[in-house]
Visitor: 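One structure, as structure tokens, below. Some questions next.
What's counted below: heavy atoms across the whole structure, side chains too, no hydrogens, waters or symmetry copies.
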Amino acid sequence: MARRRAPAIPDELLDQLLAGGDAAAALNSGDLVNALKKALAERALSAEMDYHLSDEAEAENSRNGYGRKSVSTGTGKIEIAIPRDRAGSFDPQLIAKYQRRFPGFDDKIISMYARGMSTREIAEHLREIYGMDASAELISTITDAVLDEVTSWQQRPLDPVYPLVFFDAIRVKIRDEGVVRNKAIHIALGVMADGTKVVLGMWIEQNEGAKFWLRVMNELKNRGVEDILLAVVDGLKGFPEAITAVFPETIVQTCIVHLLRNSMDFVSYKDRKAVATALKDIYRAVDARAAGAALAAFEAGPWGQKYPAIGQSWRRVWQEVIPFFGFPGDVRRIIYTTNAIEALNSKLRRAIRARGHFPSDEAAAKLLYLILNRSEKEWVMPPREWAMAKAQFAVIFGDRFVRAMAA
């Protein structure tokens, strides 16, 4: 198959744009690119005017000179001649009457913001690279347009059945009534029957509790979710009860990774490797009975005696740990590793560290939504364990999983 050639730019146009100047200097400064954008934009606007005047309703109308407008682009500011008509009815589509930014400029700003750059960093970047003055307030206004998307995204309909949903949270600092507070941003990551992942929602809350979790579950139900086969949570108090109150058939599983991390919080640095090795006997047990015996042995052993809080922390959530041992290895690996949500949290934390703190809940939601949205576009392949886990889910959950397949 022959490769398509890029359309050639006539030599006459290049000569006109360069006008005897140095090509290298023109490219380095961006002047040539801006001149080309200006020429193409003015030609497109002139064609729009021709089309507008060809309309029968505009038969008595005619051209009436040009107005001038300074427009921001991705390579700097350009001044464009905008054609006018005598009736004043011409409303250009390429650059609307009150638009001051070239199409695509806002998308570039939002893309930089989604990569974790602050509004001031974006303003400095535009100034250094393109010689363009764009205030932090302007950039904030552009990115605020995302808030409508956030609202629509958070209210969008969901599938009726999800085989697996991970509920996790990260901590962020947000200014609230003049005080910077620690708030939790909770994320629900769903895995569909074909193994593809989707973020179901995001919720910001300072005080978590059973009422908050119940509200989240009811919101998911009101958006169309009728069944969750397996929910993996981080052991927060009241969460399992809230899930089963709305989705009574759901199996609630405490995240083993979170349990291990919480366990390490009680351990001095020099003992962590040995304690982590000792805990493997618990979560690698063949069944719940063997796991219970391994936990008792750990508590009675030297590390359990030195760090009694570890055994207590496992005992508190043991009823939500037990389901883990009823699953075969392929399903256990997906539940245990939670690679998808861990990788997602890593991206979110990098962006949060760059901010320090957010001025409002809306500012936090705006940035995190953009990161979540970018991440979803990168999820093109299911986890490699999913092929085997899928067969196990079909056996364990029967018709409920078949319904998820049909959704």
Visitor: Where do L229 and F247 land on the side-chain contact (heavy atoms from CB on, under 4.5 Å) test, with the steps shown first?
Guide: CA-CA 9 Å; L229 307 188; F247 304 107; over 6 Å; no
Visitor: When you measure from the side chain of Q253 to the backbone N and O of F324, does any donor-acceptor pair fall under 3.5 Å?
Guide: yes
Visitor: Would you find more than 12 non-hydrogen atoms of other residues, nucleotides or ligands less than 6.0 Å from R272 atom CZ?
Guide: yes
Visitor: For S263 versus S313, what's the shortest heavy-atom pair and its separation?
Guide: OG-OG, 4.3 Å
Visitor: Tell me if the aromatic rings of F393 and W386 count as close, with their centers under 6.0 Å from one another.
Guide: yes
Visitor: Are any non-hydrogen side-chain atoms of M202 and Y369 less than 4.5 angstrom apart?
Guide: yes
Visitor: Pick out which of T254, L295, N262 makes a side chain to side chain contact (heavy atoms under 4.5 Å, CB included) with W314.
Guide: L295
Visitor: How far does NZ of K197 sit from CG of L344, to the nearest 0.5 angstrom?
Guide: 10.0 Å
Visitor: Does the pair D227/R403 count as a salt bridge with the N-to-O cut at 4.0 Å?
Guide: no
Visitor: What I'd like to find out is whether the side chain of K173 reaches to under 4.5 Å of the side chain of N182, using heavy atoms alone.
Guide: yes
Visitor: Which atom pair, heavy atoms only, marks the closest approach of H186 to A169?
Guide: ND1-CB, 3.3 Å
Visitor: Have a look at V246 and tell me which of V216, I228, N218 forms a side chain to side chain contact (heavy atoms under 4.5 Å, CB included) with it.
Guide: N218
Visitor: Can you give me the closest heavy-atom contact between W153 and R223, atom names plus distance?
Guide: O-NH2, 3.6 Å
Visitor: To the closest 0.5 Å, what do you measure between CZ (R333) and CE (M388)?
Guide: 8.5 Å
Visitor: State plainly whether the residues E362 and K366 are in salt-bridge range, i.e. N to O under 4.0 Å.
Guide: no
Visitor: Does M192 offer a backbone N or O that forms a donor-acceptor pair with the side chain of T196 under 3.5 Å?
Guide: no
Visitor: Can you measure from CE (M217) to NZ (K221) and round to the nearest 0.5 angstrom?
Guide: 12.0 Å
Visitor: Report yes if some heavy atom in the side chain of V267 is under 4.5 Å from a heavy atom in the side chain of I310; otherwise report no.
Guide: yes
Visitor: Could you give me the CA-CA distance, side-chain angles and deciding distance for Y307 and S268, then say whether side-chain contact (heavy atoms from CB on, under 4.5 Å) is met?
Guide: CA-CA 10 Å; Y307 301 109; S268 65; 3.1 Å; yes
Visitor: Locate the shortest heavy-atom distance separating F325 from R332; write the atom from each residue and the value.
Guide: O-NH2, 3.2 Å
Visitor: Could you check V199, L368, D168, L200 and say which one makes a side chain to side chain contact (heavy atoms under 4.5 Å, CB included) with I187?
Guide: V199
Visitor: State the CD1-CG distance between I174 and D361, to the nearest 0.5 angstrom.
Guide: 4.5 Å
Visitor: As an exercise, state the distance from CZ of R181 to CG of D176, rounded to the nearest 0.5 Å.
Guide: 5.0 Å
Visitor: So, using salt bridge (charged side-chain N to carboxylate O under 4.0 Å, His left out) as the criterion, who are the partners of D271 when residues are at least two apart?
Guide: K306
Visitor: How long is the gap from OH on Y162 to CG on L189, to the nearest 0.5 Å?
Guide: 10.5 Å
Visitor: Per the side chain to side chain contact (heavy atoms under 4.5 Å, CB included) rule, which among I170, V172, I185 passes with L348?
Guide: I170
Visitor: Should V321 and I282 be marked as a side-chain contact (heavy atoms from CB on, under 4.5 Å) after you check the CA-CA gap, both sets of side-chain angles, and the distance that decides it?
Guide: CA-CA 10 Å; V321 175; I282 304 173; 6.0 Å; no
Visitor: For the residue pair F239 and W213, categorise the inter-ring angle as parallel (less than 30°), tilted (30 to 60°) or perpendicular (more than 60°).
Guide: parallel
Visitor: Got more than 12 heavy atoms from elsewhere within 6.0 Å of CG, D265?
Guide: yes
Visitor: Minimum heavy-atom separation for Q305 to E299, with atom names?
Guide: NE2-O, 2.9 Å
Visitor: Give a yes/no verdict on a cation-pi contact between R84 and F90, requiring under 6.0 Å between NZ or CZ and the six-membered ring centre and an angle within 45° of the axis.
Guide: no
Visitor: How close do W318 and A288 get, heavy atom to heavy atom, and via which atoms?
Guide: CZ2-O, 4.4 Å
Visitor: Start with the C-alpha gap between M264 and L279, add the side-chain angles, then the distance that decides, and say whether side-chain contact (heavy atoms from CB on, under 4.5 Å) holds.
Guide: CA-CA 10 Å; M264 292 303 108; L279 289 171; 3.8 Å; yes
